[in-house]
Undergrad: 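Mind having a look at this structure? Questions to follow.
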Amino acid sequence: MTRDETGWDLEVRPEKMRRWVVVAAVVVMAIHIFAALVLRGGGDTGVNLRVVDQIAILAIGVVLTGGVLLFTRPRLRAGADGVSVRNVVAERHIPWTDVRGLFFDHGAPWARLELPFDEYVPVVAIQARDGERAVDALERFRELESRYTGGAVSDNDDGGAVRGDD
């Protein structure tokens, strides 16, 4: 998406995870539909399932599918106002003055946004399994970081560290 469409210079979402999550949601719902249709009362088992029980199985399937679909939400947006990180549940906006960089730890599944005082925010939107797409997102983020912070982000309160282009 372009800045004209969203108001942000960069918007990133995980590609592979979103595909797998949608497949998982369909499977979860299909299993619950199948269970609701197949499990019926009667016979010599002593189980007495009624229509209400079948509806409850479907309702549980809908709730579980909704929970699975929450994993399609992760997003990273960056623009002149700062960085917005939305993971599975919550979204957090961070001004550029608090951003110390976006990094991948060795072997980490996703990136992390470094903040002052050794704090960080996991960025589930940029995942290692997305390969070149993740590398491109990191490069574009660092270009924006350089543009909006003047090339280096100075630290206000955690020891005077300065991070430039590493």
Side-chain angles (χ1 to χ4, degrees), residues 1-95 98-115 118-142 144-145:
M1 294 186 182
T2 65
R3 180 168 177 65
D4 296 335
E5 295 173 7
T6 64
W8 295 92
D9 294 324
L10 173 67
E11 185 166 337
V12 181
R13 294 174 181 263
E15 185 175 308
K16 290 182 180 178
M17 184 176 86
R18 287 172 58 97
R19 280 191 234 139
W20 283 105
V21 165
V22 169
V23 169
V26 168
V27 168
V28 167
M29 196 63 221
I31 288 170
H32 282 82
I33 290 171
F34 178 77
L37 293 175
V38 171
L39 297 177
R40 294 189 179 158
D44 57 356
T45 63
V47 176
N48 191 10
L49 293 177
R50 299 183 182 148
V51 173
V52 171
D53 299 315
Q54 292 174 310
I55 292 171
I57 291 171
L58 287 175
I60 291 169
V62 168
V63 169
L64 290 176
T65 299
V68 169
L69 287 174
L70 284 175
F71 289 92
T72 63
R73 293 192 49 166
R75 175 183 69 197
L76 169 78
R77 297 190 302 184
D81 293 334
V83 181
S84 179
V85 178
R86 181 174 71 190
N87 288 324
V88 175
V89 178
E91 185 164 6
R92 184 170 175 187
H93 182 78
I94 301 141
D98 290 342
V99 173
R100 301 292 175 259
L102 183 66
F103 303 99
F104 259 106
D105 284 340
H106 182 70
W110 45 71
R112 60 191 256 173
L113 189 66
E114 297 286 337
L115 303 175
D118 294 326
E119 292 184 34
Y120 67 91
V121 176
V123 181
V124 180
I126 301 177
Q127 297 194 359
R129 70 183 70 150
D130 284 336
E132 281 299 315
R133 216 169 165 275
V135 172
D136 181 52
L138 280 172
E139 289 172 357
R140 289 177 22 215
F141 180 87
R142 289 179 177 153
L144 291 173
E145 180 183 18

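Positions are given from 1 along the sequence.
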Undergrad: Donor-acceptor pairs under 3.5 angstrom involving side-chain atoms of residues 61-75: please list them, not counting sequence neighbours.
TA:
residue, atom, partner, partner atom, Å
Thr65, OG1, Gly61, O, 2.7
Thr72, OG1, Leu69, O, 2.6
Arg75, NH2, Glu91, OE1, 3.4
Arg75, NH2, Glu91, OE2, 3.1

Undergrad: Which pairs count as salt bridge (Lys or Arg N to Asp or Glu O under 4.0 Å) when at least one residue sits in residues 102-112, sequence neighbours excluded?
TA: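 Sorted result for residues 102-112: Asp105-Arg112, Arg112-Glu114.
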
Undergrad: What pairs with Leu58 under side-chain contact (heavy atoms from CB on, under 4.5 Å), at least two apart in sequence or on another chain?
TA: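 Here the qualifying residues are Met29, Ile33, Ala36.
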
Undergrad: Going by side-chain contact (heavy atoms from CB on, under 4.5 Å), name the residues that satisfy it together with Ala137, two or more places apart in sequence or in a different chain.
TA: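 Checked Ala137 against side-chain contact (heavy atoms from CB on, under 4.5 Å); matches are Val12, Ile126.
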
Undergrad: Sort and list the pairs that fulfil side-chain hydrogen bond (donor to acceptor under 3.5 Å, both in side chains) and have at least one residue in residues 19-32, not counting sequence neighbours.
TA: Glu15-Arg19

Undergrad: Minimum heavy-atom separation for Asp53 and Leu49, please, with both atom names.
TA: OD2-CA, 3.4 Å

Undergrad: Would you check, one step at a time, whether the test side chain to side chain contact (heavy atoms under 4.5 Å, CB included) holds for Arg92 with Leu115?
TA: CA-CA 12 Å; Arg92 184 170 175 187; Leu115 303 175; 3.6 Å; yes

Undergrad: Return the minimal non-hydrogen interatomic distance between Ser84 and Trp8, and the atom names on each side.
TA: CB-CH2, 3.9 Å

Undergrad: By side-chain contact (heavy atoms from CB on, under 4.5 Å), which residues pair with Ile55, not counting sequence neighbours?
TA: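 With neighbours one apart ignored, the set is Val51.
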
Undergrad: Could you tell me which residues satisfy side-chain hydrogen bond (donor to acceptor under 3.5 Å, both in side chains) with Asp81, sequence neighbours excluded, listed by chain and number?
TA: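 Partners of Asp81 by the side-chain hydrogen bond (donor to acceptor under 3.5 Å, both in side chains) criterion come out as none, since no residue qualifies.
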
Undergrad: Residues in side-chain contact (heavy atoms from CB on, under 4.5 Å) with Pro122, at least two apart?
TA: Asn87, Trp110, Tyr120

Undergrad: Let me see the working for Val123 and Phe141 under side chain to side chain contact (heavy atoms under 4.5 Å, CB included), right down to the final yes or no.
TA: CA-CA 12 Å; Val123 181; Phe141 180 87; over 6 Å; no

Undergrad: Only counting residues at least two apart or in another chain, list the ones meeting salt bridge (charged side-chain N to carboxylate O under 4.0 Å, His left out) with Arg13.
TA: Glu11

Undergrad: When you look at Lys16 and Gln127, which way does the side chain to side chain contact (heavy atoms under 4.5 Å, CB included) test go after all the steps?
TA: CA-CA 9 Å; Lys16 290 182 180 178; Gln127 297 194 359; over 6 Å; no

